[in-house]
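For reference, positions follow the sequence shown, starting with 1.
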Amino acid sequence: MPRSVLSRCARLTQQVPLESVRSTKHGVHRGMSSVTIPPPACMLRPLEVPFRYLFGPGPSNVPPRILAAGGRPIIGHMHSEMFGIMNDIKKGIQYAFQTSNNMTLAMSGSGHTAMECAVFNIVEPGESVLVAINGIWGERVAEIAERMGAKVHTLFKTPGGHFTNAEIEQALAKHKPVLFFLTHGESSAGLVHPMDGVGDICHKYNCLLLVDSVASLGAAPLLMDQQNIDILYTGSQKALNAPPGTAPVSFSERYLTKLCFRYHHTGPVSGFFALRESLAILAEMGLENSWSHHTEIAEYLWKGLEDLGLKLFIKDKDLRLPSVTTIAIPEGYDWKELLAYIMKHHRIEFTGGLGPSVGMVLRIGLMGYNCNKANAAMALAALEDALKQCRKSKA
C-alpha cells in the first residue's frame, strides 16, 4: 500500500475512535463501534493504596529518597544519560557484591529472573547440576534445571539445616556437575549459609558456583571475588529497599566462556533510577556498617522475642539471617490468626513460612530502611498484643 494511503488511514483511525474502519473494494467503510464491554467502574476511581509496615521477608518499605528517584522524568533506555546511570548501577553492584567482574548488571525482573538467567545460560540438556536444598529457593532451581533437561542431583536438609564443606565436596566428587547452587540467605527458614571455602571446592572439581543472595545482600557479609563465587544475584526489594522489579547480577570470567547475551528489551527506566539511588545509599553507609547495623538490630529483636517466651527457629546464632528472623510457631496458636490480628490492629505485615517451612515458622523482616530499634520494638509490641488477644487452644 502506498505511504500516502497508509498515512491517510492512520489519520482517519485517529479521527473516528468510536467507529470501526475497514477497507473494501469501494473504499473506506465506516461502521458503528464493535466495543461491547464498558470501561470498568474500578478504573474510573482513583488509585488507593493503604500504608502498611512491611516487616515481612520483603518487599520492605521504600524510603522517600528512593521513591523520589523512581518518580523522575522518563528518558529513553538508549539515551547517553541512561548509559551513564547504568554504569553507575554497575559500579554500585560491584561494590555491594565486592567484585571486579566486568559482566555486572541489573536485570529487568525479580531475583527469580536472575536465577533463571544464570541457569538457562550455562546448563545444557543432559549436563549434571548439583543443587543444595534447605528451603524453597533450592527447590526452585532444581525445578528450573529439570525442565531444561539437566541431570539434577540434590543435597537435602530440612528447613534450617546447612551443609558442611565436606558434604558439598563429597557430592561434587560423586556427581561431577557443571554448576552447584547454594542459597546464602534462605529467607524461608531464616538461615544465612557459611560461604568460606565453598567456591574453592567447586573450582577444584571444575564446577561453577551459583549463589542466591536476594534476602542477605547488604545485611550479612558476602564477598564474591574473595569467596570465589562465579554467579551472584540479588533482588532490589529487600535490604536495598528499592521497589521490586530489578535484579542485580554478576558473572565471573569462568562463567562467560559459556554465556551468550544479546539485545533483549526496553528496560524499566524508573526502576533503574530507584535501584541506582538504593545502591548510592548503601555506598554512603558502607557495607561493613550495614552488616553490623543489621546484626545489632537483629540481636535486639532476638532478645525481645525470647523475653516473650518465644523460640527462635535457628538455634545457632551464627547461622541466623539478620534480615529475616524466623520464630517457631508458638504452641497452641493458629499462626494465620496471629498474622491477621497483627495486620488488622497494627497495620504490620509479618508472614508465615514459605514452601517447606509453611506451618513451621513466623517470619519477621527488618532490613535496610526498616532496620532500626523503633521498628523492632513496634514489631515486638504487636506480637505481644496478638499473643494476649488471640485464642490459644487447650491442647
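- In this structure a side-chain-to-backbone donor-acceptor pair under 3.5 Å is present from Ser290 to Gly218.
- Side-chain polar atoms of Asn241 and Ser60 form a donor-acceptor pair below 3.5 angstrom.
- A donor-acceptor pair is defined here as one N or O able to donate and one able to accept, closer than 3.5 Å; no such pair exists between the side chain of Arg52 and the backbone of Ile348.
- Ile122 has its side chain out of reach of Leu210: every pair of non-hydrogen atoms, C-beta onward, lies at least 4.5 Å apart.
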Trace of the side chain to side chain contact (heavy atoms under 4.5 Å, CB included) decision for Tyr255 with Asn121: CA-CA 9 Å; Tyr255 182 93; Asn121 280 284; 3.5 Å; yes
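- Put simply, the side chain of His77 never gets that close to the backbone of Pro268: no donor and acceptor are under 3.5 Å apart.
- Rounded to the nearest 0.5 angstrom, Leu380 CG and Lys373 NZ are separated by 12.0 Å.
- With hydrogens and angles ignored, the 3.5 Å screen pairs no side-chain donor or acceptor of Asn134 with any backbone N or O of His162.
- A tilted orientation is assigned to the rings of Tyr53 and Phe55, their planes being inclined by 30° to 60°.
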CA sep, side-chain torsions, deciding dist, call: Leu209, Met195, side chain to side chain contact (heavy atoms under 4.5 Å, CB included): CA-CA 11 Å; Leu209 174 59; Met195 292 303 307; 4.2 Å; yes
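- A continuous path of ILVMFWY side-chain contacts below 4.5 Å connects Leu339 to Phe51, so both sit in one hydrophobic cluster.
- With contacts defined as side-chain heavy-atom distances shorter than 4.5 Å, the pair Phe313/Leu191 does not qualify.
- In the displayed structure, Gln170 atom CD is contacted under 6.0 Å by at most 12 heavy atoms of other residues, nucleotides or ligands.
- Taking the side chain as every heavy atom from C-beta outward, Phe97 and Leu217 approach each other to under 4.5 Å.
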Decide side chain to side chain contact (heavy atoms under 4.5 Å, CB included) for Leu182 and Val198; before the verdict, give the C-alpha distance in whole Å, the side-chain angles of both, and the deciding distance to 0.1 Å. CA-CA 9 Å; Leu182 183 63; Val198 177; 4.3 Å; yes
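- Side-chain contact between Pro243 and Ile66 is present, with heavy atoms from C-beta onward closer than 4.5 Å.
- The two residues Ala239 and His294 come nearest to each other via the heavy atoms CB-NE2, 4.1 Å.
- Between Ser187 atom OG and Arg363 atom CZ the span is 5.5 Å, to the nearest 0.5 Å.
- Note that CG of Asn87 is 11.5 Å distant from CE of Met82, once rounded to the nearest 0.5 Å.
- Residues Tyr300 and Asn372 are not in side-chain contact: their nearest non-hydrogen atoms beyond the backbone lie 4.5 Å or more apart.
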Determine, step by step, whether Arg72 and Glu81 satisfy the salt bridge (Lys or Arg N to Asp or Glu O under 4.0 Å) criterion, reporting the C-alpha distance in whole Å, the side-chain angles of both residues, the deciding distance to 0.1 Å, and the verdict. CA-CA 13 Å; Arg72 296 216 174 195; Glu81 296 86 354; over 6 Å; no
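- Cluster membership check: Phe181 shares its hydrophobic cluster with Met107, using side-chain heavy-atom separations under 4.5 Å among Ile, Leu, Val, Met, Phe, Trp and Tyr.
- The list of side chain to side chain donor-acceptor pair (under 3.5 Å) pairs with a residue in residues 142-152, not counting sequence neighbours, reads Glu143-Arg147.
- Ser357 places no side-chain N or O within donor-acceptor distance of the main-chain N or O of Ala189, the cut-off being under 3.5 Å.
- Ion pairing of Glu306 with Lys317 is absent here, as no side-chain N (NZ or NE/NH1/NH2) approaches a carboxylate O to less than 4.0 Å.
- Taking a 6.0 Å sphere around NZ of Lys315, one finds it holds more than 12 heavy atoms contributed by other residues, nucleotides or ligands.
- Closest approach of Asp212 to Val214, counting heavy atoms only: OD1-N, 2.9 Å.
- At least one donor-acceptor pair under 3.5 Å links the side chain of Tyr95 to the backbone N or O of Leu287.
- When hydrophobic clusters are built by joining Ile, Leu, Val, Met, Phe, Trp and Tyr residues whose side-chain heavy atoms come closer than 4.5 Å, directly or via intermediates, Ile93 is grouped together with Met86.
- The closest side-chain donor-acceptor pair between Ser252 and Asp230 falls under 3.5 angstrom.
- In this structure, the separation between OH on Tyr369 and CD1 on Ile281 is 9.5 Å, given to the nearest 0.5 Å.
- Under the 3.5 Å distance criterion, the side-chain polar atoms of Ser323 are left unmatched by any main-chain donor or acceptor of Met367.
- Trp302 places a side-chain heavy atom less than 4.5 Å from the side chain of Glu299.
- How far CD of Gln389 is from CD of Glu337: 10.5 Å, rounded to the nearest 0.5 Å.
- The closest side-chain donor-acceptor pair between His346 and Asp385 falls under 3.5 angstrom.
- For the pair Leu232/Leu222, a side-chain contact is recorded, criterion being any heavy-atom separation below 4.5 Å from C-beta on.
- The two residues Leu387 and Tyr333 come nearest to each other via the heavy atoms O-OH, 2.6 Å.
- For the atom pair Thr325 OG1 and Leu366 CG, the distance stands at 7.0 Å (nearest 0.5 Å).
- The aromatic rings of His193 and Phe163 lie parallel to each other, with less than 30° between the two planes, well short of the 60° mark.
- Follow the hydrophobic side-chain contacts under 4.5 Å out from Met378 and you reach Ile342 in the same cluster.
- The pair Asp307-Lys303 counts as a salt bridge, with a side-chain nitrogen and a carboxylate oxygen less than 4.0 angstrom apart.
- A salt bridge links Lys157 with Glu167: at least one charged nitrogen is closer than 4.0 Å to a carboxylate oxygen.
- Judged purely by atom type and a 3.5 angstrom limit, Ser110 uses its side chain to pair as donor or acceptor with the backbone of His112.
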Run the side chain to side chain contact (heavy atoms under 4.5 Å, CB included) test on His293 and Met285 for me, step by step, so that the C-alpha distance in whole Å, both residues' side-chain angles and the decisive distance to 0.1 Å come before the verdict. CA-CA 10 Å; His293 178 68; Met285 183 177 192; 3.7 Å; yes
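- Nearest heavy-atom pair, Cys202 versus Phe180, reported as atom, atom and distance to 0.1 Å: SG-CD2, 3.7 Å.
- Remark: the backbone N or O of Leu208 is not paired with any side-chain donor or acceptor of Arg254 at under 3.5 angstrom.
- In this structure, a donor-acceptor pair under 3.5 Å is absent between the side chains of Asp225 and Gln98.
- Taking the side chain as every heavy atom from C-beta outward, Leu338 and Pro330 approach each other to under 4.5 Å.
- Summarising the local packing, CD of Glu284 is surrounded by more than 12 heavy atoms from other residues, nucleotides or ligands at distances under 6.0 Å.
- A donor-acceptor pair shorter than 3.5 Å can be found between the side chains of Asn102 and Lys90.
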Might you work through the side chain to side chain donor-acceptor pair (under 3.5 Å) test for Ser250 and Asn101, ending with a clear yes or no? CA-CA 7 Å; Ser250 184; Asn101 290 337; 3.1 Å; yes
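- Placement of Leu172 and Val129 in two distinct hydrophobic clusters is found when ILVMFWY residues are connected by side-chain heavy-atom separations under 4.5 Å, directly or transitively.
- The two residues Ile314 and Gly190 have their closest heavy-atom pair at CG1-O, 3.5 Å.
- Between the side chain of Ser213 and the backbone N or O of Tyr233, at least one donor-acceptor pair lies under 3.5 Å.
- Taking every heavy atom of both residues into account, Pro159 and Met360 meet most closely at CG-SD, 4.2 Å.
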